[in-house]
Amino acid sequence: MNVLGTLQLGFIYGILTLGIFITFRVMNMPDLTVDGSFTLGLAVSAALALSGRPVLGLLLGFISGAGAGAVTGLLQTKAGIHSLLAGILTMTGLYSVNLAIMHGSPNVSLLQSGTVFSAIRAAFPAANKDVVILTAIVVLCVLCFAGLAWFFHTGAGLRVRAAGDNAAMVRASSINADHVCILSVALANAFIGLSGAVLAQYQGYADINAGTGIIVVGLASVVIGEVAVKKQTIVAGLLAAVIGAVAYRVLIALALSADFFPAYMLRLVSAVIVAATLAIPRLRAFAQDAKIKKEGRRNVENQ
Amino acid sequence: MLKINNLRKVFQPDTPSAHIGLSGVSLHLAAGEFATVIGSNGAGKSTLFNAIAGSFLVSGGSIRLDGQDITYQKEHVRAKNIGRLFQDPKTGTAPNLSIEENMALVYSKATERFPLRIALRAADITHFKEVLSKLDMGLEDRLKIKVGLLSGGQRQALALLIATLIPPKLLLLDEHTAALDPVTAGKVTRLTAEIATRHNITTLMITHNIGSALKEGGRTIMMDEGKIVLDLAGRERTDMTPQDLLRRYREITNREMDNDRMLLSGAKE
Ligand SMILES: Nc1ncnc2c1ncn2[C@@H]1O[C@H](COP(=O)(O)OP(=O)(O)O)[C@@H](O)[C@H]1O
Ligand SMILES: [Mg+2]
């Protein structure tokens, strides 16, 4: 197992998981824009790296992700489309947009062009290249984490958290719940787009299918993180998202290197992890009922 | 303060299930006036509150609050001036936010602070502790616990406090003590009267308790079939017993007051 490489990927997906945590846990809304906005970040970042502006590529990956999220938010609030369908519509539309950004080709290689990572490596020629890259990725991920931790304590951040918790209260507090919803989905997808943007320059290529099923990877990371971090504050939740993303990569790398399953089984394994974790409360209740019934029957027999 | 003129609301108009919710309600409340509202289930009490608060647009008539026509104002815009509490204590607070965060959410909005500033400041905490201590529930020492962990009574008291943190021009209370046990209900009712008096808030309180309908505030309004059928104040009201009021209801509507939660005695509250 390539430890440094695994950690690098883990923290890149940590940024994605922060975004997914916002919609899935803070807003209480599964957002399917993710597959499209992640690839949008990749495509935008690759296109700008190709034209010699890799840093701008990361920035625009963030901003375009926010734009994609805002579209989903608008469809939900202004057009009254169910949140799941709104996400699917944006995601589907983005497939064409992403292909257009990649000039119709399903993948774009950055081998010939500079990326933020080649620039960082060049800045520290003496240091171990993987350590330098990992440091850069960790710094970016920590910045995202800290930014969100701060945001969720501002007035706007509290509104986002309250909207996912009790939308009626938010409206009664003379806050425009529609705006809060649009802002939240945009914010979440901004981080998802940024994650894709970093990944494109990290791996040196963008692929139109990079985002397929990425929502499940993010959800799996969120739930794994929640196993590790028990505290339930907003900061603990953000921390759990990053830890979960890294743990997910480590677990996958371990499983793959031990030949537990071939790489193509990854998505199935992720889906099973998420389904199983989300089913736990129901299974617990089921087990409890079974126990009550059994004891009840025994009491009847003993009479 | 509140001037409602000939307010009408038809639900699902132009369909076979068309249904009159309000049929010409007129009501004037002076600034600081506290009126209670009673009536059978389905009389249109909640519908009247929904119309005032803007949950839907009315079919006719007008609503003025403090001189401003708010008939067609958006719900979240009028919410700036209208505080609202419902029967379910869960509606007024966000369960996964702490007590101080719930308060800061509303306070930072009501004081129009820039949204990208930290919502909870040291000065706020001191202020929140002070107002919470008036509840006498020990909540001032539990600012960091999640509101979802509080009892129904504590949550409703907190919701009341939050709704009046910046005193609204109008307070609409829709059976806000109906889900509480009698002792807690009495406490919250007293607290309500106290806060409304202290800040001189114009208040409408729907209640299932005929005793407190006659005792709290200075006016009792009876609704039936989307109309106000009785408006009591002054001597007539102070002299009236719950039994008298029920008799009046019978005389007016030719029916018994039918409200599944109706309480006759106000003794406990
Ligand atoms: N949104 C709505 N759509 C259709 N009918 C409604 C709606 N809201 C209330 N009603 C009807 O209006 C009547 C009055 O209801 P309501 O105001 O809730 O009564 P209450 O006096 O018990 O609070 C009831 O018959 C109710 O079914
Ligand atoms: Mg009602």
Side-chain angles (χ1 to χ4, degrees), chain A residues 21-29 66 77-78 80 146-184 186-187 190 222 226 229-238 240-241 281, chain B residues 49-50 53-55 73-86 88-98 100-121 124 144-149 155 158-159 162-163 165-166 168 171-172 174:
Chain A
F21 173 78
I22 296 174
T23 42
F24 183 57
R25 283 306 189 209
V26 180
M27 296 180 67
N28 259 322
M29 174 200 105
T77 54
K78 301 297 177 193
L148 282 173
W150 164 80
F151 172 75
F152 281 122
H153 287 94
T154 64
L158 278 189
R159 287 169 211 174
V160 171
R161 290 166 61 195
D165 215 16
N166 185 349
M169 180 211 184
V170 167
R171 273 193 302 275
S173 311
S174 89
I175 293 162
N176 189 328
D178 287 358
H179 291 177
V180 174
C181 174
I182 297 167
L183 170 83
S184 320
L187 185 73
V222 170
E226 285 168 353
V229 180
K230 283 280 172 255
K231 238 179 118 184
Q232 293 205 335
T233 62
I234 185 79
V235 175
L238 292 168
Chain B
F49 279 22
N50 286 335
S55 308
Q73 211 173 44
K74 281 199 175 145
E75 182 174 20
H76 75 268
V77 179
R78 3 184 157 176
K80 210 170 281 175
N81 298 317
I82 300 177
R84 250 188 130 178
L85 251 66
F86 300 88
D88 183 354
K90 291 191 183 75
T91 44
T93 45
N96 284 304
L97 267 57
S98 65
E100 59 183 11
E101 284 171 338
N102 266 282
M103 298 179 84
L105 167 75
V106 174
Y107 195 64
S108 68
K109 170 70 191 179
T111 51
E112 292 178 4
R113 278 189 201 157
F114 183 61
L116 287 182
R117 289 179 63 172
I118 295 293
L120 190 64
R121 305 200 213 144
D124 298 342
K144 300 225 179 295
I145 71 158
K146 288 190 179 176
V147 166
L149 298 174
R155 248 182 113 162
L158 179 64
I162 288 177
L165 212 47
I166 301 292
L171 188 57
L172 299 176
D174 192 342

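So that the names make sense, note that chain A is the first sequence line, chain B the second, and so on, each numbered from 1.
- Contact of B/R117 with chain A is made through the backbone alone, with heavy-atom distances under 4.5 Å.
- In terms of non-hydrogen atom pairs under 4.5 Å with chain A, the most contact-rich of B/L97, B/V106, B/I82 is B/L97.
- Rounded to the nearest 0.5 angstrom, A/S174 OG and B/E75 CD are separated by 11.0 Å.
- The two residues B/H76 and A/N176 make their nearest non-hydrogen contact at CE1-ND2, 3.4 Å.
- Rounded to the nearest 0.5 angstrom, A/T233 OG1 and B/K144 NZ are separated by 11.5 Å.
- Residues of residues 161-170 of chain A placed with any heavy atom under 4.5 Å of a heavy atom in chain B are listed by number as A/R161, A/A162, A/D165, A/N166, A/M169.
- In terms of heavy-atom proximity, A/L158 sits nearest to B/A119 at CD1-CB, 3.5 Å.
- Considering only heavy atoms from C-beta on, B/L105 comes within 4.5 Å of A/R159 through its side chain.
- For A/K78, the NZ atom is densely surrounded, since the number of other residues' heavy atoms within 6.0 Å is greater than 12.
- Across every non-hydrogen atom of B/S108 and A/G155, the tightest pair is OG-CA, 4.0 Å.
- Within the model, atoms CD of B/E101 and CD1 of A/I234 stand 8.5 Å from one another, a figure rounded to the nearest 0.5 Å.
- Interatomic distance, OG of A/S173 versus CG of B/L165, reported as 10.5 Å (0.5 Å rounding).
- Side-chain contact between A/F151 and B/I118 is absent, with no heavy atoms from C-beta onward closer than 4.5 Å.
- Residue contact with chain A, scored on non-hydrogen atoms closer than 4.5 Å, involves the backbone and the side chain of B/N102 alike.
- Around NZ of A/K231, the count of heavy atoms belonging to other residues, nucleotides or ligands within 6.0 Å does not exceed 12.
- For the options B/K109, B/K80, B/R84, heavy-atom pairs under 4.5 Å to chain A are most numerous at B/K109.
- Looking at B/K90, only its backbone comes within 4.5 Å of chain A, counting heavy atoms on both sides.
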